[in-house]
Amino acid sequence: LEPTQACNLACDGCYRQNEKLHKSLDTVQAELDTFARLRTFDGVSIAGGDPLLHPQVVQIVRRARNMGYKAILNTNGLALTRELLHELKAAGLSGLTFHIDSKQGRPGWRNKTESEMNELRQSFVELVASVGDISCAFNSTVYEDTLEQVPDIVQWGAQNIEHVHTLVFITYRAARLDSYDYFAAGKPIDMGKVVYTLDAPRRTDISSREVVATIRKRFPEFTPCGYLNGTEQPDSFKWLASVRVGDKRKIHAYLGPKLLELSQSAHHWAQGRYMSYASPARMRMGRLALLGGALVQPSLRAAAARYLAGAPLGRLAPLHLQSVVVIQPIDVLPDGRQNMCDGCPDMTIHEGRLAWSCRLEELRQFGCFVQCAPKGCPAPRSTARSLEPS
């Protein structure tokens, strides 16, 4: 849900044109109704722009919650105050996802490393934890020159596993003018009008596999357990999820795919939808996941045995769950085909229909999603898709 295009930062890699445009509550409600009609979902990611800049953000949260959905705010946090956070919680806020990375140009935080940015992340963790019962997540864009710093964030997350429930790494993407020509409805277009166009040589092919390999240099046991594949490359991991269990001193184990599938299937059987943005109470169930999961997942048995052996009699230390997700956005293949996320969880609404949020500016600029062809090649056959099929 994107109630505003306004933002108070100009982040490198952003895919949304920054304009001071807020949607009315009636429009927001219409979009929530469209989501409810076309999708089966557990939570609403309220994004933008930065949603905290919308003058009626509290009412928006309340409306999503009153419809029975978890309301999650995706924000850079600049406009967040303790007073506003209390208002949002009273309105039914389920969670916050903070976008923090070293290339946002934040006042007072320019030219910092990702490790140094952990100090800022920590301040938001402490604020959210002090209010209580709100899910806390962080995402950051991964660039060629910050890839090797990803383990610093992973380690910081492990040390704060009691209060940090999710870490998300999004690999940098942009439209490349040096490699492809772009077309709308079969006609050449100036892709330079779109905010996510690359204006200097940079890597735009960092994969989720590469991010995992980088994490494993420091944490060899790091193990993903679920994924969404690509539409054109089924063997690509577009959303790659890991779930780990531990305390602030140690990560004890990683949940496997069968255990994740079992928990999601049980939730779907009970609720009619798959779980996202698990509540802080659920994320405190690490001990149950480790000991109960050992009955299902053989690799957990040794970890469970070590955990039991290391605890004083009758005093098992509490354990927590934490998810780590790597998102690999659109890949443009050598022949110009666009490898999107299958069943995209981040659909938004454009003119009453579903649309990929990461490519919304194409609809606004050209009236349809653009197509690509290698430089000098003929235009691809036009599908003239104005929207992703519902």
Side-chain angles (χ1 to χ4, degrees), residues 7-9 11 43 45-47 50-53 57-58 61 70-141 146 149-170 243-252 277-287 317-325:
C7 192
N8 46 12
L9 280 180
C11 301
S45 293
I46 305 170
D50 195 291
L52 293 181
L53 300 185
V57 63
V58 174
V61 167
K70 297 170 184 172
I72 311 295
L73 283 172
N74 290 5
T75 175
N76 59 43
L78 274 179
L80 185 65
T81 64
R82 180 176 296 276
E83 293 73 25
L84 178 56
L85 186 53
H86 278 288
E87 283 188 67
L88 291 165
K89 181 181 178 182
L93 183 69
S94 295
L96 287 154
T97 298
F98 295 99
H99 182 184
I100 295 176
D101 64 49
S102 57
K103 293 188 181 294
Q104 291 179 300
R106 285 175 179 265
W109 294 92
R110 291 181 174 89
N111 302 316
K112 300 291 187 179
T113 65
E114 291 300 334
S115 180
E116 291 169 330
M117 296 301 293
N118 284 336
E119 181 182 348
L120 177 61
R121 295 183 180 102
Q122 190 71 42
S123 67
F124 284 116
V125 170
E126 292 170 3
L127 172 60
V128 175
S130 68
V131 172
D133 200 31
I134 298 174
S135 175
C136 186
F138 291 86
N139 68 35
S140 59
T141 306
T146 65
Q149 299 171 33
V150 167
D152 294 335
I153 305 175
V154 174
Q155 182 171 332
W156 170 83
Q159 293 165 347
N160 288 273
I161 196 170
E162 294 178 45
H163 302 300
V164 176
H165 305 111
T166 302
L167 299 173
V168 182
F169 300 100
I170 307 167
V243 181
R244 52 189 185 176
V245 56
D247 53 39
K248 61 184 179 181
R249 296 167 298 178
K250 178 182 179 181
I251 297 299
H252 290 267
Y277 298 107
S279 67
R282 284 184 179 269
M283 300 303 277
R284 288 193 291 267
M285 298 172 66
R287 189 163 55 194
L319 297 178
H320 303 267
L321 294 165
Q322 184 181 75
S323 60
V324 180
V325 180

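- Here the NE2 atom belonging to His320 is positioned 9.0 Å from the NZ atom belonging to Lys248, to the nearest 0.5 angstrom.
- Taking all atoms of both residues into account, the shortest heavy-atom contact from Val128 to Cys136 is CG1-CB, 4.1 Å.
- Arg106 is listed as a side-chain neighbour of Asn76, based on a closest heavy-atom distance under 4.5 Å.
- Side-chain atoms of Lys70 never come within 3.5 Å of backbone atoms of Ser279 as a donor-acceptor pair (strictly under, hydrogens ignored).
- Under the 3.5 Å distance criterion, the side-chain polar atoms of Arg287 are left unmatched by any main-chain donor or acceptor of Leu319.
- Using a 4.5 Å heavy-atom cutoff, the side chains of His99 and Asn74 are not in contact.
- How far CG of Leu73 is from CG of Leu96: 5.5 Å, rounded to the nearest 0.5 Å.
- Taking both residues in full, the closest heavy atoms of Asn160 and Gln122 are given as OD1-NE2, 2.9 Å, listed atom of the first, atom of the second, then distance.
- Nearest heavy atoms, Val61 versus Leu93: CG1-N, 3.6 Å.
- Ring orientation note: the planes of Phe98 and Phe124 are close to parallel, at an angle under 30° on the 30°/60° scale.
- Annotation: side chain of Ser140 is not in contact with side chain of Met117 (no heavy-atom distance under 4.5 Å).
- When each of Ser135, Ser94, Ser45 is checked for a side chain to side chain donor-acceptor pair (under 3.5 Å) with Tyr277, only Ser45 meets the rule.
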Next on the checklist: Before you tell me yes or no, could you show the steps for Asp50 and Leu9 under side-chain contact (heavy atoms from CB on, under 4.5 Å), namely the whole-Å CA-CA distance, both residues' side-chain angles and the distance that decides it to 0.1 Å?
Outcome noted: CA-CA 9 Å; Asp50 195 291; Leu9 280 180; over 6 Å; no
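- A donor-acceptor pair is defined here as one N or O able to donate and one able to accept, closer than 3.5 Å; no such pair exists between the side chain of Glu114 and the backbone of Gln149.
- Residue Asn118 comes nearest to Arg121 through the heavy atom pair OD1-NH1, 2.8 Å, listed as atom of the first residue, atom of the second, then distance.
- Looking at Ile153 and Phe138, their side chains never come closer than 4.5 Å, going by heavy atoms from C-beta outward.
- Atom CG in Leu52 sits 9.0 Å away from atom OG1 in Thr81 (nearest 0.5 Å).
- Remark: Gln159 CD is packed, more than 12 non-hydrogen atoms of other residues, nucleotides or ligands lying under 6.0 Å away.
- To the nearest 0.5 Å, atom CD of residue Glu162 and atom CE of residue Met283 are 13.0 Å apart.
- Between Glu119 and Ser123, the closest side-chain pair of non-hydrogen atoms is not below 4.5 Å.
- In this structure, the side chains of Gln104 and Leu78 stay at 4.5 Å or more apart for every pair of heavy atoms.
- Val164 approaches Gln322 most closely through the heavy-atom pair O-NE2, 2.9 Å.
- The two atoms that bring Leu321 and Gly286 nearest to each other are CG-CA, 3.9 Å, heavy atoms only.
- With Ile134 as the fixed residue, the side chain to side chain contact (heavy atoms under 4.5 Å, CB included) test singles out one of Leu88, Leu127, Leu85, Ile72: Leu85.
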Checklist entry - Is there a side-chain contact (heavy atoms from CB on, under 4.5 Å) between Thr141 and Cys11 once you walk through the steps? => result CA-CA 10 Å; Thr141 306; Cys11 301; over 6 Å; no
Item to check | Worked check of side-chain contact (heavy atoms from CB on, under 4.5 Å) between Ile251 and Ile161 | outcome: CA-CA 9 Å; Ile251 297 299; Ile161 196 170; 3.9 Å; yes
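- A salt bridge is absent between Asp101 and Lys103: the closest approach of a Lys/Arg side-chain nitrogen to an acidic carboxylate oxygen does not fall below 4.0 angstrom.
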